[in-house]
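See structure below.
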2 protein chains.
Amino acid sequence: MSLSIGDVSQATGLSVHALRFFEREGLFLRDIPRTQGGQRAYERPDVDWLLLCNRLRESGMPIATVKRFADLVKEGPGNEPDRLALLREHERQVEAKIDELRACLAVIHDKVVVYERHVEAGTATGLWSPPLDAEPRRP
Amino acid sequence: MSLSIGDVSQATGLSVHALRFFEREGLFLRDIPRTQGGQRAYERPDVDWLLLCNRLRESGMPIATVKRFADLVKEGPGNEPDRLALLREHERQVEAKIDELRACLAVIHDKVVVYERHVEAGTATGLWSPPLDAEPRRP
DNA sequence: CCTTGACCTAGAGCGCACTCTAGATTCTAG
DNA sequence: CTAGAATCTAGAGTGCGCTCTAGGTCAAGG
């Protein structure tokens with residue numbers, strides 16, 4: 001039994017607009033067939049693919065790159081090393097992003113701690129308190 | 001000694017365009033003064049603030065939120081609990097994003113492993129091999 | 001001096017990833 | 001049968017975060 005665009009929207013969390021957009025952009029692994037009435041008729045594997053796409057997108061892969069991956073898959077067997085390279089490269093980037101976020105988190109957490117101490121102990125130390133003032137340049 | 005926009009660009013990695021844009025958007029903690037010739041004259045604390053902004057931005061804080069934080073700081077002492085709340089909320093979001101990325105990474109890594117096995121062992125199992133086919137809907 | 005590069009303002013333009021609109025058709029429940 | 005919900009296509013519009021342009025002014029080295 002096939003799935004309507006609404007079903008797929010529900011199953012993937014993507015809006016129907018996004019699904020039509022993805023189709024125009026060629027992100028699917030096949031041409032989505034239509035019913036005799038002209039409505040999209042998806043199948044489970046389409047949903048599975050979209051769920052993977054969601055993970056790739058959430059982790060920062062641009063649509064153009066998802067499309068490159070989809071194109072490789074559509075080409076059929078023979079280019080698995082290329083697909084592997086693409087995935088490995090993305091994996092590397094996600095790891096790097098996690099590291100970056102952790103570094104940011106450390107900085108932010110330090111600020112939180114400073115403010116906590118400040119808030120629960122009267123008044124301040126170590127904050128960007130009143131607007132900074134400075135001498136004019138080449139006065 | 002004050003810093004030119006080029007100096008600050010170098011020090012922060014932000015383009016001079018971005019620095020002027022940030023100023024228009026009110027992200028600075030003060031009005032950046034000008035030299036008699038009309039050029040921006042930054043000081044070290046401006047750079048320090050921008051470096052913090054960079055961390056906030058890298059970790060996904062929208063410019064509007066950075067501005068809210070800047071506005072709180074500019075208001076001066078008294079609203080530290082609000083600043084703390086803002087930072088804590090962002091901290092929470094960054095932690096959530098890291099978790100999300102880790103989940104994505106697990107999925108991606110699984111795919112990588114599947115492809116590795118496939119590539120270094122002849123032909124396939126468990127991939128989106130040839131384009132999926134399916135029966136038409138309500139035929 | 002004078003050239004060359006950095007800087008100025010105001011505002012237009014861009015890339016991305018959707019999102020929404022219009023106007024028509026199809027599907028479904030009563 | 002019919003009303004209302006869902007879907008269709010093609011294309012315009014949106015929000016974000018810059019980035020670039022035009023048409024100048026300013027500043028530092030030779």
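Numbered from 1 within each chain, the chains take letters A, B, ... in sequence-line order.
- Within a 6.0 Å radius of CD in Glu23(B), other residues, nucleotides and ligands contribute more than 12 heavy atoms.
- For dC7(C), one of the phosphate oxygens OP1 or OP2 lies less than 4.0 angstrom from a side-chain nitrogen or oxygen of Ser4(B).
- When the side-chain nitrogen and oxygen atoms of Arg34(A) are compared with OP1 and OP2 of dT9(D), one or more of them lie within a distance under 4.0 Å.
- Summary of the strand contacts: Val16(B) and Gly37(A) both lie near DNA chain C, and taking for each the nucleotide with the nearest heavy atom, the more 5' one is attributed to Val16(B).
- Distance, Glu23(B) CD to dC7(C) C1': 13 Å, rounded to whole Å.
- The side chain of Gln10(B) places no N or O atom within less than 4.0 Å of a non-bridging phosphate oxygen (OP1 or OP2) of dA6(C).
- Two residues are said to be in side-chain contact when any heavy atoms from C-beta on lie closer than 4.5 Å; Glu95(A) and Ile98(A) fail this criterion.
- Within a 6.0 Å radius of CD in Glu89(B), other residues, nucleotides and ligands contribute more than 12 heavy atoms.
- Looking at Thr65(A), its side chain never comes within 3.5 Å of a backbone N or O of Met61(A) through a donor-acceptor pair.
- Listed candidates were dT7(D), dC8(C), dC27(C). Nearest to the side chain of Gln36(A) is dC27(C).
- Note: CD (Gln39(B)) to C1' (dG24(D)) measures 13 Å, nearest angstrom.
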**Fill in**
Once base and sugar-phosphate atoms are separated, protein heavy atoms under 4.0 Å mark nucleotides 10-23 of chain C, 5' to 3', with B, S and - as -B-----SBBBB--

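- Using the six-membered ring where Trp is involved, Phe69(B) and Trp49(B) have ring planes that are parallel, under 30° apart on the 30 and 60° scheme.
- No side-chain heavy atom of Phe21(B) sits less than 4.5 Å from a side-chain heavy atom of Leu27(B).
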